[in-house]
Trainee: 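Attaching a single structure in structure tokens format; questions to follow.
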Amino acid sequence: MNITQNLQKWGNSSGVRLPKKVLDAAKLKPNQPLAISMRGGSIVLTPLQVEDDFTLEQMLSGVTPQKVGGEFNWGADIGAEKVND
């Protein structure tokens, strides 16, 4: 696949837009972190794998009753915070 794109000015930086077919072929997603490096005279973009699909079990794996510390009594309910039983 050979595609030609122009380098464009974006604020104080410059950027190249990657066409959808390039993103699909490289299995890249918008906002995915990329490592940028130089190899000879070429710019190399390497996708970084970031695990963002956590399960509830993974997020709560370090939570124990000792770490949570139990309930805290803030005093009697007043105003709009009052809870009806």
Trainee: Surrounding CH2 of Trp10 (heavy atoms of other residues, nucleotides or ligands, distance under 6.0 Å), is the total greater than 12?
Mentor: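 Above 12, so yes.
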Trainee: What's the spacing between Leu7 CG and Ile43 CD1 if we round to 0.5 Å?
Mentor: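 The CD1 atom of Ile43 is 8.0 Å from CG of Leu7, to the nearest 0.5 Å.
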Trainee: Return yes when atom NZ of Lys9 has more than 12 non-hydrogen atoms of other residues, nucleotides or ligands closer than 6.0 Å, and no otherwise.
Mentor: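 Counting other residues, nucleotides and ligands, NZ of Lys9 exceeds 12 neighbours.
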Trainee: Ignoring hydrogens and angles, tell me if any N or O in the side chain of Asn6 forms a donor-acceptor pair with the backbone of Gln8 under 3.5 Å.
Mentor: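 Absent.
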Trainee: Measure the CD1-CZ distance between Ile3 and Arg17 for me, rounded to the nearest 0.5 Å.
Mentor: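 Here the rounded value is 14.5 Å.
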Trainee: Roughly how far, to the nearest 0.5 Å, is CG of Leu48 from CG of Leu34?
Mentor: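 One finds 7.0 Å between CG of Leu34 and CG of Leu48.
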Trainee: Rounded to the nearest 0.5 Å, what separates atom CG in Leu45 from atom CG in Leu18?
Mentor: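 If we round to the nearest 0.5 Å, Leu45:CG and Leu18:CG are 6.5 Å apart.
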Trainee: According to a 4.5 Å side-chain heavy-atom criterion applied to Ile, Leu, Val, Met, Phe, Trp and Tyr, with indirect links allowed, do Ile36 and Val44 form part of one hydrophobic cluster?
Mentor: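 No, no single cluster joins them.
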Trainee: What are the two closest non-hydrogen atoms of Lys27 and Gln32, and how far apart are they?
Mentor: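 That would be O-OE1, 4.0 Å.
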Trainee: Can you list the steps and then say if Val22 with Met1 is a side-chain contact (heavy atoms from CB on, under 4.5 Å)?
Mentor: CA-CA 8 Å; Val22 171; Met1 174 182 331; 3.7 Å; yes
Trainee: Flag yes if more than 12 heavy atoms outside Asp24 fall under 6.0 Å of its CG atom; otherwise flag no.
Mentor: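 Counting other residues, nucleotides and ligands, CG of Asp24 exceeds 12 neighbours.
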Trainee: Same cluster or not: are Val68 and Leu60 linked, directly or through other Ile, Leu, Val, Met, Phe, Trp or Tyr residues, by side-chain heavy atoms under 4.5 angstrom apart?
Mentor: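 Yes, one cluster joins them.
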